[in-house]
Amino acid sequence: MASIKLYTAIFGVLMVLSTMQAALEFTGLLEEFYVPIMGVMLLLSTIKAVSVAGWYMHVFDEPRAISYLAIAAVIGVLALIAGAAYSIT
Amino acid sequence: MGENGHLPPKSNIKRWLVTTNHKDIGVLYLITSMFFLVMAGILALLIRAQMWAPGATVLDPGGYYQVATSHGFLMVFWFLSPFAFGFANYVVPLQIGADDLAFPRLNAMSYWLYLFSGVLFGISFFQGATFMGGWTMYAPLNAPAFIPNYGHVGSFAAILALVMFTGSVTIGSVNFLTTIYRMRAEGLRMRDIPLFSMSILLTVWMMLFAFAALLGALVILSSDHLLHTSYFADVDGNPSSGGSLLWTHLFWFFGHPEVYIVFFPALGAMAEIVQTFSGRRLVGRKWFVIAMALVAIQSFIVWMHHMFLTTINLPIKTIMMVTTIGISLPFDLMVFALIYTMIKGRVRWKTPFLFVLGALLIFIVGGITGVFLGAIVLDYSFRGTYWVVAHFHYVMASGAVALIGALYYWYPKITGKMYNEFLGKIHFVVAFVGFNLLYFPMFVVWETPRRMFEYSAGFTFWHRVASVGAVLFAASFVIMIYNLFMSLYSDRVVDDSPWAYTGSTEWAVPSPPPTENFPGTPSFTSGSLRFLEGPEATDGGVEGEEATPDGGQVTAAADHGEPHPDHASWWPVFAGSSALLAGIGLSGLSPSMFVWPFLFALPAFVYFVGAVGARRDGFTVLHGAFLSASFLLLAVFIALFHVTQGIITGLESAPTYFWLALAGAVLGVYTLVRLGFESFYVPEPTSSAQWPFGEVENTKLGMWTFLGSDIILFGAFIGSYVFTRFEFGWQDWWHVAHEVGGLEHHPVWPGLLNTYILLASSFTVVLALVFARRGVGTTEIGPLSVENRKLTLGFIGTTFLGACLFLLNKGIEWVDLYFHQGWTFNADIMSSTFYLTTGLHAAHVVIGMMLMLFLMVRSYTGAYQGEDEARTIEYFGLYWHFVDIVWLFLFPLFYIL
Ligand code: HEM
Ligand SMILES: [Cu+2]
């Protein structure tokens with residue numbers, strides 16, 4: 001069980017990362033470098049998601065099998081999205 | 001109700017309404033599914049009557065399409081899987097040495113949702129017309145603009161019935177996964193659980209993910225019906241550009257795993273029956289299990305072999321052809337393992353074995369013809385013909401035939417009586433001959449177009465043979481029903497095991513087993529690795545020479561004697577009936593009317609939480625606050641209703657559907673509140689740590705598995721968005737919404753603000769948990785000394801407030817977009833995906849808020865203070881953080897990119 005301090009620190013990081021995402025949009029870089037910026041954007045979301053899952057949902061303290069369960073579902077989603085998107089002629 | 005915990009006797013109808021015992025529920029599933037088998041079978045006979053001559057007119061075209069469609073729905077959804085789950089309910093806990101499933105009340109709820117979803121489907125026939133577009137519900141024939149007017153209500157009711165069924169399946173999957181992972185008897189290793197339980201485990205894994213995708217597809221489709229979004233076709237009847245393809249992706253991502261979902265339990269039963277009747281452990285058991293697991297995983301990457309004739313590109317078709325051929329290899333292994341076991345053992349030709357052998361032969365034909373279909377070029381010719389019909393009946397009905405074998409196999413266990421062996425064999429012969437007469441001609445005249453009744457006159461002979469076969473096949477079931485019914489009253493009493501060489505634990509207890517299953521705590525720690533027969537062998541069986549891990553001994557430990565508390569609950573059946581009422585109501589309501597019954601349920605919910613909570617925990621200020629708040633909310637509701645509908649005119653013009661939906665919604669929330677406050681028997685695992693989930697408690701594992709399915713549900717929505725946007729041209733997306741859809745501005749601010757709010761609310765849930773865990777007592781905050789209980793309550797309250805702000809902010813945003821900018825649900829596909837995906841998320845927020853209301857009244861009384869007590873908050877936190885995580889992706893996807 002982590003301390004309130006750690007939870008607060010994570011909360012701070014999450015807020016900063018979200019602000020960064022919005023800030024990225026305002027730089028207008030999206031116009032020029034759409035795909036790389038999109039990658040960064042989704043990466044930031046992933047970092048946030050893993051932090052919430054890892055610390056707030058205590059996944060880091062649970063048996064690995066819990067992570068595998070969640071990862072399996074995410075892989076399923078990615079398979080659907082990738083397969084469907086790739087199939088477009 | 002259930003205060004003393006005893007169930008009424010089985011002769012009492014009330015017993016069957018309130019029971020939560022897995023064996024009772026297993027029996028209910030078996031009987032109900034057989035009822036649907038009869039219903040779907042009659043529809044099948046109607047099909048065969050129509051096919052007696054080309055272009056026959058037994059049914060008019062609309063009637064025929066309804067019959068063919070609902071035959072498919074009923075067989076696949078309401079017969080096959082539930083029939084298998086009747087056995088799963090009955091047998092799995094016995095096989096793994098558990099007292100019951102992990103969540104008995106949820107199990108009852110699964111059953112009632114299943115039954116009432118079938119009732120709703122039945123009702124859809126009488127609402128004009130039920131759905132006509134085939135069980136695959138291809139777009140755009142599934143969209144309102146492509147359904148004749150007289151079929152609108154019934155079609156939507158059928159879709160809602162499927163939604164309800166999906167709910168039942170998801171609850172069931174969570175329950176079985178938790179049970180098999182957590183409730184095994186001590187010493188029973190995962191890899192050693194009997195093959196039937198193993199096949200159920202893999203089935204529920206597939207179910208958990210596949211049905212979530214179906215739910216996504218169905219919710220999207222429902223929204224096209226109810227909200228007039230334009231995923232599949234717009235209201236004017238223009239199919240959307242990627243809509244048809246989108247549907248096939250969503251449907252078959254579910255649909256292919258589904259065909260294994262219906263087959264796997266049969267496979268598991270086949271393995272056990274082959275073992276028992278050849279007196280041998282399955283040859284290559286380990287590889288058999290590995291093969292099943294491989295198939296289960298691979299089943300999610302072959303779905304486009306159903307789409308060879310769509311516009312998907314050649315490379316992906318080729319990939320899918322390869323994965324399809326790949327998936328047939330493990331099947332070969334399994335078939336050979338079964339055959340080889342029969343050859344190496346000494347077969348006893350009892351009825352269950354005959355059915356399994358028949359099923360295996362049939363399956364081989366079906367499998368081989370499936371490989372034809374998996375070849376792209378051949379499928380160009382076969383698609384949409386009777387070849388496909390013949391193929392999937394050979395495979396699916398093979399599963400059904402195997403499960404009939406399972407019925408004969410477990411009938412003595414369930415009833416304590418032996419069926420009539422002679423009649424059983426007659427049944428087999430008639431069924432096997434009838435089956436092949438029915439389906440083999442379909443290969444011969446495969447050029448008949450599927451789902452049509454016009455065919456070339458030259459095919460008439462073979463279609464008549466098929467129709468004769470159908471009558472024969474149907475008649476064989478009359479023999480079975482007669483046999484099983486009469487045998488109930490026979491004097492052929494059986495004891496623990498009527499079969500020699502049984503290897504699994506269900507045969508080590510009396511037939512039928514007592515309510516508490518085992519005389520003591522079952523344990524496998526002695527590792528008795530031999531074929532376990534019943535304590536007394538009944539028909540001279542000798543011990544198998546092969547060691548098997550499939551069984552164990554029942555060691556009597558004394559600590560089991562006390563009777564079960566609260567085994568009975570009315571609330572599951574009420575949950576099912578309220579869903580039925582709400583479903584009927586929803587099917588017939590217009591977009592402007594349908595929200596009101598559900599909005600009305602919110603003040604009702606707040607009222608019930610206050611009132612029921614006060615009765616349970618004693619009246620407190622907070623209960624009073626809830627009661628008053630409910631009246632305030634009611635006032636707001638009435639005001640809103642009056643402004644938009646006009647009270648008098650609104651109510652006067654409200655159709656019966658309105659009142660049904662209202663009744664369903666109110667009864668539904670009342671039921672949920674009562675379920676929440678009911679103190680109920682929960683079976684405890686025999687050992688606290690079990691591989692692979694260690695010490696994760698049942699409810700936590702249940703929550704995680706549920707979240708797993710929720711990931712797929714959101715994935716289906718996000719996937720639809722990504723697919724449609726790709727199809728459209730990723731970067732043109734918003735530009736087009738601006739130019740064509742009339743969207744003026746869609747700022748980042750509301751999204752960012754809501755991200756802040758949700759993250760903060762996640763943080764406060766964590767704090768609530770921290771202070772709940774500190775137990776009773778106080779915490780010093782600066783100069784103040786605050787009770788932990790109040791801190792817990794305070795932080796849940798803050799979270800609730802955060803959720804309110806989130807919705808408020810979203811509401812302001814939506815009002816601006818929808819009304820001021822005129823960017824309605826069906827303005828363009830961009831608006832449809834935006835509103836629906838973020839709307840699904842908002843619905844999750846609302847559900848979270850309802851849970852929080854409940855947590856608030858309970859935490860006020862200190863119910864969650866302490867390491868163990870705090871768990872409830874932890875489980876809620878898992879849900880809430882998950883909702884937060886989803887938003888973390890929706891924010892960039894819908895506001896920035
Ligand atoms: C060797 C394994 C199998 C292969 C290679 C295979 C292949 C295929 C292919 C390619 C199709 C699409 C045909 C078309 O629509 O043009 C198909 C349809 C179908 N298969 Fe199989 N299959 C196999 C086993 C099974 C099993 C085990 C089941 C179920 C128990 C099953 C049930 C179905 C069903 C229900 C359809 C028709 C779906 C519809 O309504 O369009 N198949 N199969
Ligand atoms: Cu398939």
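Chain A is the first sequence line, chain B the second, and so forth, proteins listed ahead of strands; every chain is numbered from 1. Hydrogens, waters and symmetry mates play no part in the numbers below; they use all other heavy atoms, side chains included.
With a threshold of 4.5 angstrom between heavy atoms, B:Leu767 approaches chain A through side-chain atoms but not through N, CA, C or O. Heavy atoms of B:Met304 lying under 4.5 Å from chain A belong exclusively to its side chain. Contacts of B:Phe254 with chain A are absent, with no heavy-atom separation under 4.5 Å from either backbone or side chain. Interface residue A:Tyr86: backbone and side-chain heavy atoms are both found under 4.5 Å from chain B. Both the backbone and the side chain of B:Leu759 come within less than 4.5 Å of a heavy atom of chain A. Residue B:Leu208: no heavy atom, backbone or side chain, is found under 4.5 Å from chain A. Of the atoms belonging to B:Phe723, heavy atoms from both backbone and side chain fall under 4.5 Å from chain A. For A:Phe26, the part lying under 4.5 angstrom from a heavy atom of chain B is the side chain only. Of the atoms belonging to B:Trp880, not a single heavy atom falls under 4.5 Å from chain A. Contacts between B:Leu707 and chain A at a heavy-atom distance below 4.5 Å involve the side chain alone, from C-beta outward. Contact of A:Val50 with chain B is not made at all, since no heavy-atom distance falls under 4.5 Å. Contact annotation for B:Ala760: both backbone and side-chain heavy atoms come within less than 4.5 Å of a heavy atom of chain A. A:Tyr34 touches chain B through its side chain: at least one heavy atom from C-beta onward sits under 4.5 Å away, while N, CA, C and O do not. Only the side chain of A:Leu30 comes within contact range of chain B, judged by heavy atoms closer than 4.5 Å. For chain B, no part of A:Ala82 is nearby; none of its heavy atoms comes within less than 4.5 Å.
Heavy atoms only, all atoms of each residue included: A:Gly83 and B:His249 are closest at O-CE1, 4.4 Å. Listed here is the closest heavy atom pair of B:Ser244 and B:Ala139: OG-O, 3.3 Å. Residues B:Phe253 and A:Gly76 approach most closely at CZ-O, 3.5 Å, considering heavy atoms.
In terms of modelled atom types and a separation under 3.5 Å, the side chain of A:Ser45 and the main chain of B:Phe889 share no donor-acceptor contact. B:Tyr895 contributes no side-chain N or O that, together with a main-chain N or O of B:Leu890, makes up a donor-acceptor pair within less than 3.5 Å.
The six-membered or imidazole ring of B:His256 lies away from that of B:Trp303, with a centre-to-centre distance of 6.0 Å or more.
Using modelled atom types and a 3.5 Å distance limit, the side chains of B:Thr764 and B:Thr799 yield a donor-acceptor pair. Using a 3.5 Å distance cut-off with no hydrogens or angles, the side chains of B:Arg182 and B:Asn698 do pair a donor with an acceptor.
One finds the OG1 atom of B:Thr323 at 7.0 Å from the CD atom of B:Gln298 (value rounded to the nearest 0.5 Å). Here the CD1-OG distance, from B:Ile757 to B:Ser762, works out to 12.5 Å after rounding to the nearest 0.5 Å.
Among residues two or more places apart in sequence or in another chain, the side chain to side chain contact (heavy atoms under 4.5 Å, CB included) test is passed with A:Ala65 by B:Pro692, B:Phe693.
Interface summary for chain A: among B:Val748, B:Val722, B:Ile712, the most heavy-atom pairs under 4.5 angstrom belong to B:Ile712. The candidate from B:Glu874, B:Glu727, B:Gln731 with the greatest count of non-hydrogen atom pairs under 4.5 Å with chain A is B:Gln731. Highest contact tally toward chain A, considering only B:Trp730, B:Tyr721, B:Phe891, B:Phe882, is held by B:Trp730 [criterion: heavy-atom pairs under 4.5 Å]. Note: A:Thr19 leads A:Leu78, A:Leu44, A:Leu42, A:Thr19 in heavy-atom pairs under 4.5 Å with chain B. Contact count against chain B (heavy-atom pairs under 4.5 Å) is highest for A:Ile88 among A:Ile81, A:Leu14, A:Ile88. Of all the listed residues (A:Gln21, A:Arg64, A:Met15), the one sharing the greatest number of non-hydrogen pairs under 4.5 Å with chain B is A:Met15. When the candidates B:Thr248, B:Thr755, B:Thr311 are compared by the number of heavy-atom contacts under 4.5 Å with chain A, B:Thr311 comes out ahead. Options A:Thr46, A:Leu24, A:Ile37, A:Ile10 differ in how many heavy-atom pairs under 4.5 Å they form with chain B, and the most are formed by A:Thr46.
Between B:His881 and the choices A:Tyr56, A:Trp55, A:Tyr7, the ring pair (Phe, Tyr, Trp, His ring centres under 6.0 Å) rule is met once, by A:Tyr56.
Aromatic ring pairs are classed by plane angle as parallel below 30°, tilted from 30° to 60° and perpendicular above 60°; the pair B:Trp887 and B:His841 is tilted.
B:Lys700 has a carboxylate O that lies under 4.0 Å from a charged side-chain N of A:Glu62, or vice versa, which qualifies the two as a salt bridge.
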